[in-house]
Structures are given as C-alpha cells and as structure tokens.
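First comes the structure, then the notes that go with it.
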Amino acid sequence: MPAPADLGIEVLSVPEGAPVELDLRLEAVMEGVLVTGTASAVLEGECARCLEPIRDDLEVTFQELFVYDDIRDSAEAEEDDEVSMLQDDLVDLEPLLRDAVVLALPFQPLCQDDCPGLCPECGVRLADEPGHRHEAAIDPRWAALTELRQDPTD
Ligand SMILES: [Zn+2]
Ligand SMILES: [Zn+2]
C-alpha cells in the first residue's frame, strides 16, 4: 500500500506515497479478528545533530484484536477507546501501523552513532572535518570578566 501522510515523526518518516509492504495474518477468534503483521518500508529524515539526510529501512511488527462491533454493546467493552473495532467487517490498519512505526523510531535519529554534530561557531559538519577547530576566541563582551577572575590561591 502507499504510505499515508505523516507516517513517522517530524525528523524521520516514511515518505508519503512510498510503498509499505504488509505481511498480514488474520485469525478468527471468539470476539473478533486477531491481526498479526509485519510492515516494511523506507525511512527518510535528517540527523538530529548535523542535519545530514538519513535513509534507512524500517521493519515493524504489530498485533491487535479487532472486536466485532456488535460486541461493543456488551457491558465489558462499552465506550472503551482502547478497543479496536471491526467496522462493517473491515479492519482499519492505519492507526495500528502508525503506532508501530512511531514506537520503532529513535527519538533523535543520527547519521552515525557518534555523530559529532555541527561546529557551534561556524556550522560546519564536524564529521566531514575531523580536525576542525577555531582559535580559542573569547566573546569581547565577556573579555573584561576574564580579568576579574581571581586566582584561588591568593
Ligand atoms: Zn549527523
Ligand atoms: Zn567552526
């Protein structure tokens, strides 16, 4: 199926319309249909530290019981938003897929585990220039303070 919009998080997601491959097993159980599946897709995003584009493969598994909607009226399942319902004999996989994908994503995606990020002074990507550094410059607004610094042995 083509990926729905916003499948993922802001910095890392499955591009809208990109193919999502689903491998599903549907089992009839007493209360409804038990859906077990795997979804695989590509991810695109950017490194949270250096903004380098990231492209990765994603594979998630999920399982959910979709309850027959005529059971909804029974006392135990009433008004429970946590229960997934079959709707006119159809299963809406999108919320399930969305939750599984979001849970599988790193909170802060990185281009490499030890990405050093960007130079705070000039913004150069430090992974590209390992030896990058600046002369130890002191903001002129703070320079006067260094003269006030006391020697603790005084
Ligand atoms: Zn990075
Ligand atoms: Zn720099």
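We count ligands from 1, going down the list as the structure has it; atoms in each ligand are counted the same way.
Residues Glu64 and Ser84 have side chains that bring a donor and an acceptor to within less than 3.5 angstrom of each other.
Considering just the N/O/S atoms of His132, the one nearest the Zn ion (ligand 2) carries the name NE2.
Between Leu24 and Gly37, the shortest heavy-atom contact is CD2-CA, 4.0 Å.
With the Zn ion (ligand 2) as the vertex, NE2 (His134) and SG (Cys122) define an angle of 120°, rounded to 10°.
Counting heavy atoms of neighbouring residues, nucleotides and ligands inside a 6.0 Å radius, atom CD of Glu10 does not exceed 12 of them. Within a 6.0 Å sphere centred on CG of Asp89, heavy atoms belonging to other residues, nucleotides or ligands number 12 at most. More than 12 heavy atoms of other shown residues, nucleotides or ligands fall within 6.0 angstrom of atom CG in Asp99.
Linking ILVMFWY residues whenever their side-chain heavy atoms come closer than 4.5 Å, directly or via other members, leaves Ile54 and Leu51 in distinct clusters.
The Zn ion (ligand 1) has Cys47 SG, Cys50 SG, Cys111 SG, Cys115 SG as its protein N, O or S neighbours under 2.8 Å.
Judged purely by atom type and a 3.5 angstrom limit, Arg25 has no side-chain atom pairing as donor or acceptor with the backbone of Thr36.
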